[in-house]
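What follows is a single structure, written as structure tokens, with notes after it.
Numbered from 1 within each chain, the chains take letters A, B, ... in sequence-line order.
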Number of protein chains: 2
Amino acid sequence: MSTISKENYLKAIFSYSTELDNNASTTMIANHLSISSSAISDMAKKLSKEGLVKYEKYKGIMLTPHGEKAALKVIRRHRLWELFLMNVLGLDWSEVHNEAEKLEHYSTDFLIDKIDEYLGHPDFDPHGHPIPKKNGSIPEIPNVILLAEAETNNKYELISVNDKESELINFLKKVGLKLNSKLEIVDKLDYDNSISVRVNKKNITLSKKVSDNLFVRLIEG
Amino acid sequence: MSTISKENYLKAIFSYSTELDNNASTTMIANHLSISSSAISDMAKKLSKEGLVKYEKYKGIMLTPHGEKAALKVIRRHRLWELFLMNVLGLDWSEVHNEAEKLEHYSTDFLIDKIDEYLGHPDFDPHGHPIPKKNGSIPEIPNVILLAEAETNNKYELISVNDKESELINFLKKVGLKLNSKLEIVDKLDYDNSISVRVNKKNITLSKKVSDNLFVRLIEG
DNA sequence: CTTAATTGTTAAGCAAGCTTAACTTTGTTC
DNA sequence: GAACAAAGTTAAGCTTGCTTAACAATTAAG
């Protein structure tokens with residue numbers, strides 16, 4: 001049976017799965033969830049028994065197709081709630097995540113479908129992340145790269161933010177960067193890998209730490 | 001600390017408190033929550049230690065002012081969610097309760113205030129029940145009596161439904177009765193205590209079981 | 001007012017989901 | 001490739017919130 005804990009494990013494992021390496025390590029998940037690593041080993045066995053996860057001792061954890069479907073379902077709920085709370089109640093970019101983090105576990109499929117319908121079956125959430133469809137498919141983001149990898153003199157649009165740390169979102173607010181903001185790369189500084197961009201007719205400099213967590217889409221070459 | 005279980009206990013105890021008798025019995029709460037009565041005794045001790053409840057062995061359970069405040073807070077969350085889901089997402093009378101039953105435990109005060117504001121600080125929920133205010137006060141319903149106690153030839157408005165059993169709500173839907181429906185008492189039948197009322201130009205007969213769970217307000221004498 | 005039925009409490013035990021501490025495997029460095 | 005560090009696992013134990021079974025208090029009926 002699915003519980004809150006299990007849903008959170010699945011989400012965490014999912015977030016460490018890439019095309020290159022689908023394996024999540026015990027410590028990664030432990031840190032992500034702020035839980036001891038022994039608890040992770042334990043849970044890995046349970047999820048494995050339920051067929052949600054492929055788990056071999058000392059070899060890492062990997063979602064099965066079944067587990068991935070379950071994870072996407074939770075992510076769908078999370079992102080729909082985020083968008084809904086922003087659009088309807090006018091919550092802030094930085095406020096929605098925490099609320100959604102709870103509500104995602106306590107909404108029936110029925111309610112989520114109603115929200116989806118209300119919003120017109122949107123493809124992306126307020127952070128620019130794709131909202132998995134009911135059937136498990138994931139809307140594609142076109143030509144997205146890290147801001148850190150953007151090229152000088154090109155123009156980009158801010159598409160998505162790695163929101164693991166909400167400090168980043170607060171930082172962006174202060175600097176005046178929003179989702180869909182247009183930014184032109186003015187200069188890339190080899191010395192500290194910072195990047196100088198022009199937004200709203202102002203030049204600002206972003207550290208590597210920031211540009212490594214922002215995703216952009218090329219709009220003018 | 002407040003947990004989901006504790007919140008549900010407090011709500012249950014509250015629902016058995018009247019002006020006449022503020023005491024809730026172990027079995028009443030056990031039935032209400034579908035939980036063994038031993039679990040109730042256990043929890044009563046815990047809540048008592050936290051000062052939320054006055055509990056004496058074999059003498060019943062009673063909310064302290066502190067506990068009542070906590071219960072009203074949960075009820076407020078529940079009723080605001082109900083109204084919100086109906087108004088915004090168009091959920092049905094019979095659908096909102098179950099959703100709200102979960103969401104009420106996982107909403108921050110911040111979110112609830114936003115919902116309250118969005119709805120324009122409403123006084124009553126979709127079932128006609130008063131929504132406790134943030135400060136703990138309860139909006140008054142004027143001149144409300146049980147339909148079972150209504151008098152022949154008078155006109156009443158349906159104000160509130162005892163929604164402990166959702167079957168009743170389904171029944172009302174079928175019969176065509178809604179909140180704020182106007183009904184005229186045509187006859188009261190002594191034989192089985194059923195009551196004959198005129199609604200929307202149709203006469204229908206309601207059993208004692210039904211009329212004991214509907215609250216009405218006199219509109220014409 | 002005694003007895004039987006009802007109601008309430010205590011005790012023991014279980015599952016979930018954690019923790020810490022001890023131990024094992026794997027990886028890294030020289 | 002030996003030795004140590006890092007990562008992962010196992011074991012024992014804790015808390016919450018439940019259960020069932022046995023026992024105690026209260027109430028109701030004759």
Side-chain angles (χ1 to χ4, degrees), chain A residues 1-17 20-63 67 70-71 74 101-102 104-106, chain B residues 1-17 20-63 67 70-71 74 101-102 104-106:
Chain A
M1 208 200 39
S2 195
T3 65
I4 307 127
S5 277
K6 285 178 186 173
E7 291 188 346
N8 283 330
Y9 276 91
L10 292 175
K11 264 204 314 177
I13 298 167
F14 183 87
S15 78
Y16 287 110
S17 302
L20 296 171
D21 183 10
N22 272 312
N23 259 271
S25 80
T26 305
T27 341
M28 276 154 72
I29 302 174
N31 291 336
H32 187 105
L33 296 174
S34 301
I35 273 174
S36 74
S37 48
S38 58
I40 309 293
S41 294
D42 240 42
M43 184 60 89
K45 286 181 211 159
K46 288 184 198 167
L47 294 177
S48 179
K49 261 190 194 161
E50 292 184 46
L52 293 162
V53 134
K54 188 161 168 289
Y55 169 60
E56 273 183 282
K57 279 188 198 174
Y58 298 102
K59 297 279 169 74
I61 307 170
M62 186 196 262
L63 292 175
V74 184
E101 199 65 25
K102 300 190 207 165
E104 66 185 12
H105 302 296
Y106 304 98
Chain B
M1 209 200 36
S2 196
T3 64
I4 307 128
S5 277
K6 286 179 186 170
E7 290 188 347
N8 283 330
Y9 276 90
L10 293 175
K11 263 204 316 179
I13 298 167
F14 183 88
S15 78
Y16 289 110
S17 303
L20 296 170
D21 182 10
N22 272 312
N23 259 270
S25 79
T26 304
T27 340
M28 277 155 71
I29 302 174
N31 291 336
H32 187 105
L33 296 175
S34 301
I35 272 173
S36 76
S37 49
S38 58
I40 309 294
S41 294
D42 240 42
M43 183 60 89
K45 286 181 210 159
K46 288 184 198 166
L47 294 177
S48 178
K49 259 189 194 163
E50 292 184 45
L52 293 163
V53 134
K54 190 163 166 289
Y55 169 60
E56 273 182 283
K57 279 187 200 178
Y58 299 100
K59 297 279 168 74
I61 307 169
M62 185 196 264
L63 291 176
V74 185
E101 199 66 23
K102 300 188 208 167
E104 66 186 11
H105 303 296
Y106 305 98

In this structure, how many angstroms lie between the [atom2] atom of [N] and the [atom1] atom of [X], rounded?
X     : N      : atom1 : atom2 : value
A/L33 : C/dT19 : CG    : C1'   : 15 Å
A/E56 : D/dT9  : CD    : C1'   : 15 Å
B/H32 : C/dT7  : NE2   : P     : 18 Å
A/N31 : D/dA6  : CG    : P     : 15 Å
B/I40 : C/dT10 : CD1   : P     : 14 Å

task: Any chance you could list the contact pattern along nucleotides 17-28 of chain D? Use B for base contacts, S for sugar-phosphate-only contacts and - for none, protein heavy atoms under 4.0 Å, 5' to 3'.
output: SSBB---BSS--
task: Verify the distance criterion only: is there a donor paired with an acceptor across the side chains of B/S38 and B/S36 at less than 3.5 Å?
output: yes
Within the 4.5 Å heavy-atom criterion, are [X] and [Y] side-chain neighbours or not?
X     : Y      : value
B/S17 : B/M62  : no
A/I40 : A/I61  : yes
A/N8  : A/H105 : yes
B/L52 : B/L63  : no

query: What's the spacing between B/I13 CD1 and B/H32 NE2 if we round to 0.5 Å?
result: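 Those atoms lie 10.5 Å apart.
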